[in-house]
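Below: one structure, written as structure tokens.
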Amino acid sequence: MSSENDKINEPHTDSDNGSKVETKDFIRTIIDQHNKSGRFNNIVHTRFPPEPNGYLHIGHAKAICISFGIAEEYGGVTNLRFDDTNPTKEDTKYADAIMRDIKWLGFDWGDRLFHASDYFDKLYEFAVVLIKKGVAFVDDLSAEDMREYRGTLTEAGKESPHRNRSIEENLELFEKMKNGEFDDGAKTLRAKIDMASGNMNMRDPVMYRIMRATHHRTGDKWCIYPTYDWAHGQSDSIEKITHSLCDLSFEDHRPLYDWFLDQLEVHHPQQSEFARLNISYTITSKRKLRQLVENNIVDDWDDPRMPTLSGVRRRGYTAKAVRTFIAKLGVSKKRDTVADIALLEHCLRDELNETADRRMAVIKPLKVVITNYPDDKIEEFDAINNPGDDTAGDRKVYFSKEIYIEQDDFVEVAPNRKYFRLAIGKEVRLKHTYYITCDEAIKDDEGNIVELRCTYDPESRGGSTPDGRKVRGTLHWVSTHDAVDAEVRLYNNLFAKESPDEDDDFLEHININSLEILTGCKIEPSLKDLQVGQNCQFLRHGYFCLDSKYSSKDKIVFNRSVTLKDSWAKKK
RNA sequence: UGGGGCGUCGUCAAGCGGUAAGACACUAGCCUUUGACGCUAGCAUUCGUAGGUUCGAAUCCUGCCGCCCCAGCCA
């Protein structure tokens, strides 16, 4: 992992007395305790266990950063394990996308790519061990009856009438289950724990179900498949995982995992649960994201408005910005927290401010004729690429009699003294070149302003004058003679509500202005050289990137990754 | 009414008995050839609440209150 990321996780420093005060989250605190007691011989070996049934989103990025990041920090490694215990829902195409996204984020599982299905044989053996111990049994209850027998949150459940079958009978029945002698759903293997437990997970949970489905890796070898609860803890144990980090929803499954491991007397990882990541104005629910795709509300899983990793990548987010965001958020057990999307945006701006070259792009063009500028003259100016980075160099821009400026940079009458853009009779600076003063606005029959007539001050060449007069406004511009046409896509929050997730009818909160497509935008010619994956700043607008999906040789399409902060917009 | 968890600034989050870090957001100002960036200042007399212990409590104890998760042969 990059050294930048290490910095993020450095302990904060107490500046008052100069001494370092470590402030660690609860997971790192637990690991420190283990290292002190020697419980895992100072080894930290984690795993990230996605189910290959969908695309990774930014919520998963948190889990990835925690599992991979913490292991790395402690000199350990992380396994990637696909939890593929339900063949009806999983597919290899998702696995490929998941691996691509994890790599993009900057993490590496080395040669430790595993599957829960790698352990189907071992899991079967383990199940036999539990049957022989008399703590697992084959049940004939239907799914419906089982629900009935389970009881409720406040009432104890009833034991299955098949709970006390002999070990021999259970062994025989379980083998027949495996051999396909029963119909799908006809029987299950259950752990024999406690139907009166306050923890529903301990009320004789199902370990195996009969399901004739072709598994994407094991084919038709099995007609019984382990449940997640039965497979997960043992998979961790088999891989000698020391710290199983997962989200809060598995908190009350931990007693069950502990129980299985204790019964089996095998390596026993420590599970710790942290709160999932929620972000304002968007959703981090695989199910709901799928709805957006299937209802064609968004382009696809990689729509730049989507919080999927493929979506934010296409939007122009960098992996580093995502990692920084997650690191700044921290780790806690507080549920229902909603991270401010403004922090995510800040992390991107903060990075791109340092790394992205500046360019000029007029997204809503208004033609300007500089009446006192020679008709055929074209002047060359050096334009600095990044004022904060001397090594970024510069480029040429070419000024001429006719240019485009932004429609939003002109009003006929300046509203007040604080307004310092262009207005009739007002003077502004054109970035890198000259001062111009507006003399006249030309309108069409409907009264729309279609062209401006301005005069320039030859003395202001380079952006200042000998008399040193102050010009507060600086506008970006593009010459008409060399402007390149482009399409620009402006994105806003996908949802108009801060927490759309709290309603089931979350689709009602879709922001109808989440995408604005502008055509006929005029960009400076050097922008033609930009590559997919490169970020650049459109001066005074924000950070943009080439859209990887719709850009082609004949058509340039830009995505706005994030706007620049705009204190003027707030004042207005 | 069972079990599990959580309550510190608008948001996220430190703090682990010695008198409330930081970040984002926000506000005001400075700077500025991006109304960006940068810089300066402000922003919790108070830690869900009520008691108790203590010289001293966000931190320990007790009782309340609030919020969330769990009744898939999903993960």
Side-chain angles (χ1 to χ4, degrees), chain A residues 12-16 21 23-25 29 49-51 53 83 85-86 88-90 139 141-143 146-147 150-157 184-185 187-190 196-203 205-211 224-225 227-229 231-232 248-255 273 275 280 286 325 328-347 349-350 353-354 358 360 384 387-388 418-421 429-433 435 460 462-464 471-476 498 537-542 563-571:
Chain A
H12 299 169
T13 303
D14 186 330
S15 54
D16 288 340
V21 177
T23 134
K24 288 191 172 180
D25 56 69
T29 303
E51 183 189 16
N53 72 340
D83 259 315
T85 54
N86 188 345
T88 63
K89 295 189 174 177
E90 294 145 9
D139 199 358
L141 247 34
S142 67
M146 203 180 288
R147 193 182 322 123
R150 188 153 30 231
T152 67
L153 293 177
T154 53
E155 295 165 61
D184 282 14
K187 286 184 169 26
T188 56
L189 182 74
R190 294 226 262 166
S197 173
N199 182 346
M200 301 299 286
N201 297 119
M202 301 300 268
R203 318 244 266 225
V206 170
M207 296 163 64
Y208 275 96
R209 68 279 216 198
I210 303 173
M211 192 192 290
I224 57 170
Y225 289 98
T227 57
Y228 174 86
D229 274 346
H232 191 73
L248 252 24
S249 61
F250 295 104
E251 213 158 18
D252 46 21
H253 290 241
R254 177 155 34 88
E273 311 85 4
S280 59
K286 224 190 258 182
F325 168 65
K328 279 180 180 288
L329 249 21
V331 185
S332 79
K333 288 176 84 79
K334 248 181 283 182
R335 263 181 214 264
D336 307 312
T337 59
V338 181
D340 194 341
I341 197 166
L343 181 62
L344 211 210
E345 295 179 339
H346 166 264
C347 291
R349 282 191 199 103
D350 201 39
N353 177 48
E354 291 181 12
R358 274 61 169 168
M360 293 196 286
I384 190 162
K418 293 275 187 187
Y419 179 89
F420 41 86
R421 269 119 105 135
R429 172 169 35 238
L430 292 176
K431 181 76 177 176
H432 306 302
T433 56
Y435 292 175
S460 65
S464 59
V471 171
R472 295 294 305 275
T474 301
L475 310 186
H476 58 277
E498 188 171 340
Q537 183 194 101
F538 285 2
L539 232 48
R540 304 207 300 138
H541 279 304
T563 61
L564 248 28
K565 290 226 288 186
D566 188 352
S567 58
W568 169 241
K570 278 175 196 157
K571 277 181 194 153

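Because only heavy atoms are used, hydrogens play no part in the values below, and waters and symmetry mates are left out as well, while side chains stay in. Protein chains get the first letters and strands the later ones, always in sequence-line order, with residue 1 at the start of each.
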Upstream residue (5' side of RNA chain B) when L539(A) and M146(A) are each assigned their closest nucleotide: L539(A)
Under the ring pair (Phe, Tyr, Trp, His ring centres under 6.0 Å) test, residues paired with H346(A) that sit two or more places apart: none
Short side-chain N/O contact to U11(B) OP1/OP2 from K328(A), under 4.0 Å: no
P gap between G42(B) and G22(B), integer Å: 11 Å
Between C68(B) and A25(B) - P atom distance, rounded Å: 29 Å
Residue pair K89(A), E51(A): steps toward the salt bridge (charged side-chain N to carboxylate O under 4.0 Å, His left out) verdict: CA-CA 9 Å; K89(A) 295 189 174 177; E51(A) 183 189 16; over 6 Å; no
Between P of A36(B) and CD of E345(A), the distance in whole Å: 16 Å
Donor-acceptor under 3.5 Å (R540(A) side chain, M360(A) main chain): no
Touch class at under 4.0 angstrom, heavy-atom based, for A143(A) against every strand present: base
Under the ring pair (Phe, Tyr, Trp, His ring centres under 6.0 Å) test, residues paired with F538(A) that sit two or more places apart: F544(A), F558(A)
U19(B) to A44(B) separation - C1' atoms, rounded to the nearest Å: 15 Å
Euclidean distance, atom CE of residue M202(A) to atom P of C69(B) [Å, nearest integer]: 22 Å
Touch class at under 4.0 angstrom, heavy-atom based, for P387(A) against every strand present: base
Nearest-nucleotide 5' precedence on RNA chain B, N199(A) against A569(A): N199(A)
Spacing of H346(A) atom NE2 relative to C12(B) atom P, expressed in whole Å: 18 Å
Donor-acceptor pair, side chain of R358(A) and main chain of L539(A), under 3.5 angstrom: no
Watson-Crick or G-U counterpart of C30(B), or none if no pair lies under 3.5 Å: G38(B)
Touch class at under 4.0 angstrom, heavy-atom based, for R203(A) against every strand present: nothing
For H476(A), all residues meeting ring pair (Phe, Tyr, Trp, His ring centres under 6.0 Å), sequence neighbours excluded: H541(A)
Nearest-Å distance once atom P is located in both G56(B) and U40(B): 40 Å
Interatomic distance where CZ belongs to R472(A) and C1' belongs to U32(B) [whole Å]: 8 Å
Donor-acceptor under 3.5 Å (K333(A) side chain, E273(A) main chain): yes
Qualifying residue for salt bridge (Lys or Arg N to Asp or Glu O under 4.0 Å) with D139(A), from K187(A), R190(A), R150(A): R190(A)
Sugar-phosphate only, base, or nothing, as touched by K570(A) at under 4.0 Å among non-hydrogen atoms: sugar-phosphate
T227(A) to R209(A) - nearest heavy-atom pair and separation: CA-NH1, 3.2 Å
Separation of the C1' atoms in C67(B) and G48(B), to the nearest angstrom: 10 Å
Test item: S460(A) side-chain N/O and G463(A) main-chain N/O as donor-acceptor pair under 3.5 Å: no
For F420(A), ring pair (Phe, Tyr, Trp, His ring centres under 6.0 Å) partners two or more places apart: none
Whole angstrom value for the distance that separates C1' of A13(B) from CG of D25(A): 11 Å
A75(B) OP1/OP2 closer than 4.0 Å to side-chain N/O of T85(A): yes
Nearest-Å distance for atom pair NE2/P, residues H253(A) and A71(B): 7 Å
Touch class at under 4.0 angstrom, heavy-atom based, for V338(A) against every strand present: sugar-phosphate
Presence of R358(A) side-chain N/O under 4.0 Å of A36(B) phosphate oxygens OP1/OP2: no
Touch class at under 4.0 angstrom, heavy-atom based, for F420(A) against every strand present: base
Sugar-phosphate only, base, or nothing, as touched by G185(A) at under 4.0 Å among non-hydrogen atoms: base
Gap between atoms CG and C1', on D252(A) and C70(B) respectively (whole Å): 5 Å
Sugar-phosphate, base or nothing in reach of K418(A), heavy atoms under 4.0 Å: base
Contact under 4.0 Å: T474(A) side-chain N or O vs U32(B) OP1/OP2: no
Sugar-phosphate only, base, or nothing, as touched by T152(A) at under 4.0 Å among non-hydrogen atoms: base
Aromatic ring pairing H253(A)/F250(A), orientation class (parallel under 30°, perpendicular over 60°, tilted between): perpendicular
Complementary nucleotide of U49(B), counting Watson-Crick and G-U pairs under 3.5 Å: G63(B)
Touch class at under 4.0 angstrom, heavy-atom based, for S332(A) against every strand present: sugar-phosphate
Separation of U1(B) C1' from E155(A) CD (nearest whole Å): 9 Å
Base-pairing assignment for C9(B) (Watson-Crick or G-U wobble, both under 3.5 Å): none
Nearest-Å distance once atom P is located in both G4(B) and G15(B): 26 Å
Under-4.0 Å side-chain N/O to phosphate OP1/OP2 contact, R190(A) with G72(B): no
Write down the protein N/O and nucleotide N/O pairs, taken from nucleotides 39-44 of chain B, whose separation is under 3.5 Å; answer none if there are no such pairs.
none

Sugar-phosphate only, base, or nothing, as touched by R147(A) at under 4.0 Å among non-hydrogen atoms: sugar-phosphate
Sugar-phosphate, base or nothing in reach of F250(A), heavy atoms under 4.0 Å: base
Sugar-phosphate only, base, or nothing, as touched by R540(A) at under 4.0 Å among non-hydrogen atoms: base
Pairing partner (Watson-Crick or G-U wobble, both distances under 3.5 angstrom) of G2(B): C70(B)
Sugar-phosphate, base or nothing in reach of L475(A), heavy atoms under 4.0 Å: nothing
Spacing of the P atoms in C65(B) and U1(B) (rounded, Å): 9 Å
Whole-Å C1' distance, A20(B) and U45(B): 10 Å
Under 4.0 Å protein heavy-atom contact, by nucleotide of nucleotides 5-10 of chain B - B base, S sugar-phosphate only: SSSB--
